[in-house]
> 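Would you mind keeping the following structure in view while I ask a few things?
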Amino acid sequence: MISIQQNLQEVRQRISAAAERCGRDPAEVTLLAVSKTKPASAVEEAVAAGQIAFGENYVQEGVDKIQALAAYPQLVWHFIGPLQSNKSRLVAENFAWCHTVDRLRIATRLNEQRPAGLAPLNVLIQINISDEQSKSGIMLDALPELARQIAQLPRLQLRGLMAIPAPESDYARQLAVCQQMADALAQLKQHYPSVDTLSLGMSDDMDAAIAAGSTMVRIGTAIFGARDYANATHNNN
Ligand SMILES: *Cc1c(COP(=O)(O)O)cnc(C)c1O
């Protein structure tokens with residue numbers, strides 16, 4: 001029997017320990033609970049244990065959960081999956097954050113589609129930092145130009161960078177990749193005062209990410225248990 005409450009407590013302790021080891025305040029690191037494929041009832045359990053920030057990968061599944069949990073206005077919903085143009089409106093209308101902006105076309109659509117009654121959509125630019133297999137994210141050399149364009153869109157707030165590094169078991173090599181992201185964030189910050197977020201670190205590289213300066217770690221399985229994609233509702237994304 002897994003207890004989401006217990007899992008959350010363990011993950012929070014792991015974050016605190018990692019932060020303290022490198023002299024950081026644990027409060028600087030937000031835990032994003034990745035609830036993809038999990039039912040609204042599992043999210044509700046996490047909410048009861050004090051969790052506020054949730055990440056979803058599939059647009060329609062995420063929107064369904066956001067609507068099912070509308071009774072909890074304190075929740076902050078992050079879209080963290082690959083985003084197709086034809087799904088951008090649902091993200092603009094329902095989420096508070098989008099971590100996967102990697103081209104101007106998507107940014108422009110999100111900007112146009114963000115409802116006037118909502119605060120600007122918080123966006124992170126996804127960087128392809130080490131994964132040659134992945135088509136998601138931009139190379140670091142393309143960052144200054146995309147950031148400059150996004151900063152001009154009034155319905156978006158550029159908050160920082162996100163990456164999904166290629167799996168790597170060696171801590172020193174994890175740290176080197178995470179450090180590249182932290183350096184890129186530091187440079188971006190110099191130009192854009194709204195930048196304060198580095199979404200970096202999952203179960204296997206969380207310690208290195210926090211040591212490098214991550215401000216948001218994305219954890220799913222360690223909180224909610226293994227995912228069963230057969231039961232997921234994301235097939236039509
Ligand atoms: C699924 C996912 C996570 C969480 O992965 P777990 O292995 O379940 O902790 C984090 N970030 C992104 C972008 C994801 O898609």
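Atoms within a ligand are numbered from 1 in the order they appear, just like the ligands themselves.
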> Could you go through residues 207-222 and list every donor-acceptor pair under 3.5 Å that involves a side-chain atom there, pairing it with any protein atom two or more places apart or in another chain?
unit_1 : atom_1 : unit_2 : atom_2 : d
D207   : OD1    : R14    : NH2    : 3.3
D207   : OD2    : R21    : NH2    : 2.6
S214   : OG     : L198   : O      : 3.3
S214   : OG     : L200   : O      : 2.6
S214   : OG     : M216   : N      : 3.2
S214   : OG     : M216   : O      : 3.2
T215   : OG1    : L198   : N      : 2.9
R218   : NH1    : A163   : O      : 3.4
R218   : NH1    : S199   : O      : 3.0
R218   : NH1    : S199   : OG     : 2.9
R218   : NH2    : A163   : O      : 3.1

> Output yes when E112 and R109 qualify as a salt bridge under the 4.0 Å nitrogen-oxygen rule, no when they do not.
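Salt bridge between E112 and R109, a charged N being under 4.0 Å from a carboxylate O: no.
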> State plainly whether the residues E93 and R89 are in salt-bridge range, i.e. N to O under 4.0 Å.
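R89 and E93: salt-bridged.
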> Could you list the donor-acceptor pairs under 3.5 angstrom formed between side-chain atoms of residues 119-126 and any protein atom two or more places apart in sequence or on another chain?
unit_1 : atom_1 : unit_2 : atom_2 : d
N122   : OD1    : R159   : NH1    : 2.9
N122   : ND2    : A96    : O      : 3.2

> What does the contact table look like for ligand 1 (nitrogen or oxygen on each side, cut-off under 3.5 Å)?
unit_1   : atom_1 : unit_2 : atom_2 : d
ligand 1 : 8 (O)  : T221   : N      : 2.8
ligand 1 : 8 (O)  : T221   : OG1    : 2.6
ligand 1 : 8 (O)  : R227   : NH1    : 2.7
ligand 1 : 8 (O)  : R227   : NH2    : 3.2
ligand 1 : 9 (O)  : S203   : OG     : 3.3
ligand 1 : 9 (O)  : G220   : N      : 2.8
ligand 1 : 9 (O)  : T221   : N      : 3.4
ligand 1 : 11 (N) : R218   : NE     : 2.9
ligand 1 : 15 (O) : K36    : NZ     : 2.7
ligand 1 : 15 (O) : N57    : ND2    : 2.7

> Look up atom CG in D183 and atom CG in L188, then write down how far apart they are to the nearest 0.5 Å.
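Interatomic distance, D183 CG to L188 CG, rounded to 0.5 Å: 12.5 Å.
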> Sequence neighbours excluded, which residues qualify as ring pair (Phe, Tyr, Trp, His ring centres under 6.0 Å) partners of H78?
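For H78, the residues satisfying ring pair (Phe, Tyr, Trp, His ring centres under 6.0 Å) (neighbours in sequence not counted) are W97, H99.
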